[in-house]
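One structure is given here, and the rest of the page talks about it.
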Number of protein chains: 2
Amino acid sequence: MRVAGISAVKAVVSRVSGPTVTAEAAVKKAKPTIDDVAALSGVGRTTVSRVLNNGPNVRPEVRLRVLQAVEALHYKVNTQARFLAGGRSQTLALVHASDPDAEPNSYYFSGLELGALRACAPEGFRLLMHGLNQHALNRIEAIFDFVRTHHCDGVILTPPFSDDRELHQALLTQQIAHVAVSPGEAVRRQVVGVGMDDEAAGYELTRYLLGLGHQRFAFIQGLENHASAESRYAGYGRALSEAGLSPLSMATTRGNFTFRAGADQAVRLLNVPQRPTALICANDDMATGALFAAHRMGLRLPADLSVVGFDDTPVSEVVWPPLTTIHQPIKQIGARAVERLIDLLNGAESADAGFEAVPHRLVVRESAARFE
Amino acid sequence: MRVAGISAVKAVVSRVSGPTVTAEAAVKKAKPTIDDVAALSGVGRTTVSRVLNNGPNVRPEVRLRVLQAVEALHYKVNTQARFLAGGRSQTLALVHASDPDAEPNSYYFSGLELGALRACAPEGFRLLMHGLNQHALNRIEAIFDFVRTHHCDGVILTPPFSDDRELHQALLTQQIAHVAVSPGEAVRRQVVGVGMDDEAAGYELTRYLLGLGHQRFAFIQGLENHASAESRYAGYGRALSEAGLSPLSMATTRGNFTFRAGADQAVRLLNVPQRPTALICANDDMATGALFAAHRMGLRLPADLSVVGFDDTPVSEVVWPPLTTIHQPIKQIGARAVERLIDLLNGAESADAGFEAVPHRLVVRESAARFE
DNA sequence: TTGAAAGCGCTAACAT
DNA sequence: ATGTTAGCGCTTTCAA
């Protein structure tokens, strides 16, 4: 019975485009092709192709007519056929750090990947993930190898590769289209980038804490080569300075963005005579770890200590106390990175803009409280 | 400066397949095609196609020769060309419930989606998500519409659609290839399915609690039409019965798999004279909500109450106390669903098997403790 | 400014 | 059991 059912499906699959006239074929008319559009608008196939691809040498009047036909027929280009003719693979590469110590937390990365993957499907593109050690001397060669082997049309760089000037330069030289996720200020003029305004986010979060009456801060930074994480700290510094406080007099350490690092560093920061009243962590995973450590130390949260983070991961909502943080639309960032890369490949004018900031916002929950 | 850099990329992109002889073209030889393989193995192109597609009528000896050539040339089929010729769209649909009340928790679904998406890319397939109201009378028609509109080659059903016999039957009748994620026992004989053994998992988890000395239980079930969640409860019942306890004498409620539902139901279950000492939730999100509610009620965890769940979501690791749960490899389930669907489309023999269980395991953390 | 014609790499009729 | 021949829908010469 089971086998029979499956065999039936099989038989159909291989018959689908055969000559047999099926009920389906009779009922629905075939998907319109470029030739249908050409016929309806009374022009040649080549002309349709030209307007579809933003090509030159088409009279505005004709272009309009073609566009109307496209509309009327609900025509959509067949990306697979387009590739075959155009020689593109419709394949993108997403490069991330595989070095465990440098790896961004998994929610961050999964979200980025999911957003990117989702944006690929409608465009007929596919996305290949490529993890590599950021410290490897041959990292650039490794990326080129990957791109060549898989015939990628373009690549998306994630932190810390987003800030790797040498890599960026090599990609430019080899004329490989690419976009950077959350690049730091230093390279924003040179790369097409997508991310949130980390400096502003750090500033806002700190202002909020200042408004709550806090004066003694501590900060768990991320890794040095992640420029976006550094910007978070820079915004914090700016807010402090404006308030007449010296960032340099506040305790600071670094962690690799993980729960464990947050817990470990929090212990160091909190086991001191004059304990800080507010602890800022460069991301939520570390903030969650800090919460954990604080509980272990017997502190009452948020009465004894306010803890905040960045990202607004799902975890931040359910820990105790629920984390006050900055929401970063990570899936949207992944999606925009893909979209801008595709624009770049298509030579769209919109691709010219440099850095694109996606909106962030402060999410007030219960882990930060007024300090008297 | 910025514009110049980007223009350079653009110019190249559009020149890539032009007539200009680039250094790249000179350096690396073109990707091998099916004709290269045919030439090297001394057979016709059709024969190569046959072995590539597991077709019949190829002498074992010839098949071997072709396979060796494929190996030697590092040949990979061009899936886009294959589609164009074969009339398939290389597009799969993932159907999920969009009704907020019935929606599985987001980690569950994101993980499934990510696993499926990852499995698609290497095969040159793309995945389209389609959410629809499970209670809608036209749900079946809606799915067919979607499949036709997007020319999907096959569909993946997620709970609760996995257990929708009527839908399954319609798909079979319309000869649309499909696989079910976590189908219940009732339909496993008829569908190609992938999931974990929920009954066994429920049994193991309950045995563990029994071993800890618990005698008074409570269970927050999922929604009735999610057969896999029901199986979790069935396993619990079996373990209890074996231990001489009556499942019917233990308190039970239902929730829609969300944090909030877990919190709400926990309050009902725990605000009673003879409080249970162990609370089992059909998934981690509800268990997390239960933890939250128990904290609010002032219970000491896990001393006063043991709470456990299913899934092992990232959240379960960082809540307080860390959740003892059953690990469900959700990404793997998504990936296997895609792989089996593709096998089905390709008519692979391996596709004949019915339900495929992926391994689960008990993850002991700190939310369940010995009860004296 | 436009169109005709030649493929891109593959599968599937239809020979053989 | 294997090869020949047409296309699939599109982009890109090249000619008009």
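In what follows, chains are A, B, ... by sequence order, proteins preceding strands, each numbered from 1.
Residues A:Val187 and A:His168 fail the side-chain proximity criterion, which asks for heavy atoms closer than 4.5 Å.
Relative ring orientation between B:Phe109 and B:His96 is described as tilted, the plane-to-plane angle lying within the 30° to 60° band.
In this structure, A:Leu84 places its CG atom 17 Å from P of D:dG7, rounding to the nearest Å. As rounded to whole Å, 11 Å separates atom P of C:dT11 from atom CG of B:Asp35. Distance A:Gln80 CD to C:dG9 P: 15 Å, rounded to the nearest Å. Atom CD of A:Gln90 and atom C1' of D:dT11 are 12 Å apart (whole Å).
A donor-acceptor pair shorter than 3.5 Å cannot be found between the side chains of B:Arg65 and B:Ser41.
In the set D:dG9, C:dT1, D:dG3, D:dG3 carries the atom at the smallest distance from any side-chain atom of B:Val43. Among C:dT1, D:dC8, D:dT2, the nucleotide with an atom closest to any side-chain atom of A:Asn57 is C:dT1. Taking the side chain of A:Thr33 as heavy atoms from C-beta on, and the options D:dG9, D:dT2, C:dG9, the nearest nucleotide is D:dG9.
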Exercise. Evaluate the side-chain contact (heavy atoms from CB on, under 4.5 Å) criterion for residues A:Val147 and A:Ile176: first the C-alpha distance (whole Å), next the side-chain angles of each, then the deciding distance (0.1 Å), finally the verdict.
Key: CA-CA 9 Å; A:Val147 168; A:Ile176 296 173; 4.3 Å; yes

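Ranked by how close their nearest DNA chain D nucleotide is to the 5' end, A:Asn53 and B:Pro56 are led by B:Pro56.
Judged as a salt bridge (Lys or Arg N to Asp or Glu O under 4.0 Å), the pairs with a partner in residues 111-124 of chain A (not counting sequence neighbours) are, in order, A:Glu113-B:Arg118, A:Arg118-B:Glu113.
Within the structure, a side-chain polar atom (N or O) of A:Arg82 is placed less than 4.0 Å from OP1 or OP2 of D:dT11.
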Show me the protein contacts with nucleotides 4-6 of chain D, counting only N or O atoms at under 3.5 Å.
unit_1, atom_1, unit_2, atom_2, d
D:dT4, O4, B:Thr46, OG1, 2.4
D:dA6, N6, B:Arg45, NH1, 3.4

What pairs of donor and acceptor atoms, side-chain ones from residues 79-86 of chain A against any protein atom, are under 3.5 angstrom apart with sequence neighbours left out?
unit_1, atom_1, unit_2, atom_2, d
A:Gln80, NE2, B:Ser89, O, 2.8
A:Arg82, NH2, A:Asn53, OD1, 3.4

